[in-house]
Amino acid sequence: MSLCLATGAGVVRLAVSTFTLAWTHSVEKTRWEEDWAVGRGMLAIQEARIEGLGAGMETPPGAVKDGRFWKWRPNVEPVPELNLRRSDAVPEGWMLCAEGACRRVADASETADVVSLRACD
């Protein structure tokens, strides 16, 4: 299984089974991270982390403070696709990290307003 990124420039295929999405909250300016697994044609969130609490950043029951981050395991069903929208409020966009390498997606340089992530063979 691989992860496919559909961008304005085409489709990029990454041979990974897990990845991390990270971004800066547009209002609170704190870091948010999510770990995802790729499998069976779906994307499943494994863990979410936020640096601080604030507007739209409330943690669910059971979240624990672990050093710099509040951490928890979201209880949501796997999804076939994630759509990351480019925002002028966050020109640096999203950071996608896998296997020790990171790349920016849906940032100010992206021509498409949305970058779609999905599992692919």
Side-chain angles (χ1 to χ4, degrees):
M1 208 35 79
S2 296
L3 178 67
C4 284
L5 287 71
T7 70
V11 176
V12 175
R13 181 187 178 120
L14 303 174
V16 300
S17 59
T18 62
F19 64 95
T20 298
L21 281 178
W23 65 95
T24 301
H25 189 276
S26 62
V27 175
E28 297 296 335
K29 305 299 184 206
T30 58
R31 188 167 176 91
W32 189 300
E33 298 178 352
E34 294 176 346
D35 295 335
W36 290 82
V38 182
R40 298 185 182 188
M42 303 292 271
L43 304 176
I45 190 167
Q46 305 295 298
E47 182 178 85
R49 298 177 292 283
I50 55 175
E51 271 188 313
L53 306 178
M57 298 177 62
E58 297 77 20
T59 59
V64 291
K65 179 80 166 167
D66 184 10
R68 178 176 153 198
F69 288 94
W70 285 92
K71 297 181 178 184
W72 70 95
R73 290 189 165 275
N75 186 20
V76 295
E77 294 294 317
V79 295
E81 183 174 70
L82 288 173
N83 292 309
L84 309 178
R85 183 164 299 280
R86 185 180 59 77
S87 170
D88 292 336
V90 186
E92 66 272 11
W94 305 72
M95 184 68 67
L96 188 147
C97 301
E99 297 185 346
C102 295
R103 64 184 301 154
R104 292 213 177 273
V105 294
D107 64 3
S109 70
E110 181 63 48
T111 57
D113 283 338
V114 176
V115 172
S116 296
L117 308 179
R118 64 181 178 275
C120 56
D121 294 329

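Position 1 is the first residue of the sequence, and the numbers go up from there.
- In this structure, OG1 on T30 lies 10.5 Å from CH2 on W23, to the nearest 0.5 angstrom.
- Classified by interplanar angle (parallel below 30°, tilted 30° to 60°, perpendicular above 60°), the ring pair W32/W72 is perpendicular.
- Note: R118 CZ to S2 OG = 12.0 Å, rounded to the nearest 0.5 Å.
- L14 contributes atom CG, which lies 9.5 Å from atom CZ of F19 (distance to the nearest 0.5 angstrom).
- R49 pairs in a side chain to side chain donor-acceptor pair (under 3.5 Å) with only one of the listed residues (T20, D35, D66), which is D35.
- A distance of 5.0 Å separates CH2 of W94 from CG of L84, quoted to the nearest 0.5 Å.
- Each of K65, K71, R68 was evaluated against E51; a single residue qualifies, R68, per the salt bridge (Lys or Arg N to Asp or Glu O under 4.0 Å) test.
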Show, in sequence, the C-alpha distance, side-chain angles and deciding distance for R103 and M95, and conclude whether the side chain to side chain contact (heavy atoms under 4.5 Å, CB included) test is met.
CA-CA 6 Å; R103 64 184 301 154; M95 184 68 67; 5.6 Å; no
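- Checked by atom type and distance alone, the side chain of R73 pairs as donor or acceptor with a backbone atom of Q46 at under 3.5 Å.
- Of the inter-residue distances, the one linking S116 atom OG with L82 atom CG reads 9.0 Å to the nearest 0.5 angstrom.
- Rounding to the nearest 0.5 angstrom, the gap separating the CD atom in E33 from the CG atom in L21 is 10.0 Å.
- L117 and L43 get closest at one heavy-atom pair: O-CD1, 3.5 Å.
- Proximity of E47 to E34: side-chain heavy atoms (C-beta onward) are nowhere separated by under 4.5 Å.
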